[in-house]
S.K.: 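Below is one structure. I have some questions about it.
Whatever order the structure lists ligands and atoms in, that order sets their numbers, starting from 1. Please read all numbers here as calculations on a predicted model, not as lab measurements.
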Amino acid sequence: MKSLILIDIQNDFLPGGALAVPGGDLIVPVVNALMPKFNLVVATQDWHPVDHGSFAVNHPGAAVYGQGELDGLPQTFWPVHCVQNTGGALFAPGLEMRQIARVFPKGMNPGIDSYSGFFDNGHRTSTGMAEWLREAGVTELSVAGLATDYCVKFTVLDALREGFEVRVLLEACRGVNLQAGDCARALDEMRAAGAVVE
Ligand code: VGL
Ligand code: ZN
């Protein structure tokens, strides 16, 4: 049983959005064409409260895209993005929603960030996605979405730890590249952990 996981294909990660990923909009038609090839499609949705601790604005003096700490973990401080019930948190216009069986929101706890669709960054709380996929009989996961160097990467690493066979669909992913080479390094990490990048 093969499942496609769509990571955070939301307005704030598209060009013009609060945390724009270059070319993020270009994956929408690619993903739409991929969906019919899978038995099951699920999506993650970055879904932050306005007081979320990953937002630079919630740390006096912190710079947007600067580095700090949150819940004892290294944290990049982001612009305000994907706030619950705002337009920026909505899925991309044109994304074919009818094939998406279930949406897993993440990032609701203001005290910790959640890049992966499976767990928060400290592996303290599960979204239930691994159990849900296993109960549906899924063994093979293909991952697409935004951003390659954050939420795609951490979802892939957790999926491997959870025992799934994982493919990363390169044409259907785009990254932030805060530092030149971040996406290439993220893909190397995913490969080293056992993912197939194709
Ligand atoms: C993401 C930064 C902050 C992502 C989410 O979807 O990759 N990146 N929140
Ligand atoms: Zn976020």
S.K.: Got an N, O or S from C151 under 2.8 Å of the Zn ion (ligand 2)?
M.R.: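 Within the cut-off used here (under 2.8 Å), C151 places no N, O or S atom near the Zn ion (ligand 2).
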
S.K.: Closer than 2.8 Å to the Zn ion (ligand 2), do we get an N, O or S atom from H81, backbone or side chain?
M.R.: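 Yes, since at least one N, O or S atom of H81 sits under 2.8 Å from the Zn ion (ligand 2).
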
S.K.: Donor-acceptor pairs under 3.5 angstrom involving side-chain atoms of residues 21-41: please list them, not counting sequence neighbours.
M.R.:
| unit_1 | atom_1 | unit_2 | atom_2 | d |
| --- | --- | --- | --- | --- |
| N32 | OD1 | E96 | N | 2.9 |
| N32 | ND2 | G94 | O | 2.8 |
| N39 | OD1 | K2 | N | 2.9 |

S.K.: Just by distance, no angles: are the side chains of Q75 and D113 close enough, under 3.5 Å, to form a donor-acceptor pair?
M.R.: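 Distance-only check passes for Q75 and D113.
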
S.K.: As a test of reading the model: which N/O atoms of the protein lie under 3.5 Å from N/O atoms of ligand 1, and at what distance?
M.R.:
| unit_1 | atom_1 | unit_2 | atom_2 | d |
| --- | --- | --- | --- | --- |
| ligand 1 | 6 (O) | D8 | OD2 | 2.7 |
| ligand 1 | 6 (O) | L146 | O | 3.3 |
| ligand 1 | 7 (O) | A147 | N | 3.0 |
| ligand 1 | 7 (O) | C151 | N | 3.1 |
| ligand 1 | 9 (N) | D46 | OD2 | 3.0 |
| ligand 1 | 9 (N) | H81 | NE2 | 3.1 |

S.K.: Sequence neighbours left out, what passes salt bridge (charged side-chain N to carboxylate O under 4.0 Å, His left out) with E140? Give chain and number order.
M.R.: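 Expected list: R167.
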
S.K.: I need the full list of side chain to side chain donor-acceptor pair (under 3.5 Å) pairs touching residues 60-73, with sequence neighbours left out, sorted by first then second residue.
M.R.: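 As it turns out, the side chain to side chain donor-acceptor pair (under 3.5 Å) pairs with a partner in residues 60-73, which skip direct neighbours, are Q67-T76, D71-R124.
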
S.K.: Please tell me whether Y150 and W78 form a close aromatic pair, meaning their ring centres lie under 6.0 Å apart.
M.R.: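 Judged by ring-centre distance (under 6.0 Å), Y150 and W78 do meet the cut-off.
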
S.K.: May I ask you to check if any N/O/S atom from D46 comes under 2.8 Å of the Zn ion (ligand 2)?
M.R.: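 Coordinating: yes.
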
S.K.: Does any donor atom in the side chain of H81 or D46 lie under 3.5 Å from an acceptor atom in the other side chain?
M.R.: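 There is such a pair (donor and acceptor under 3.5 Å, judged by atom type) between the side chains of H81 and D46.
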
S.K.: Ion pair present between R185 and D188, side-chain N to carboxylate O less than 4.0 angstrom?
M.R.: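 Between D188 and R185 there is no salt bridge, as every charged N stays at least 4.0 Å from the carboxylate O atoms.
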
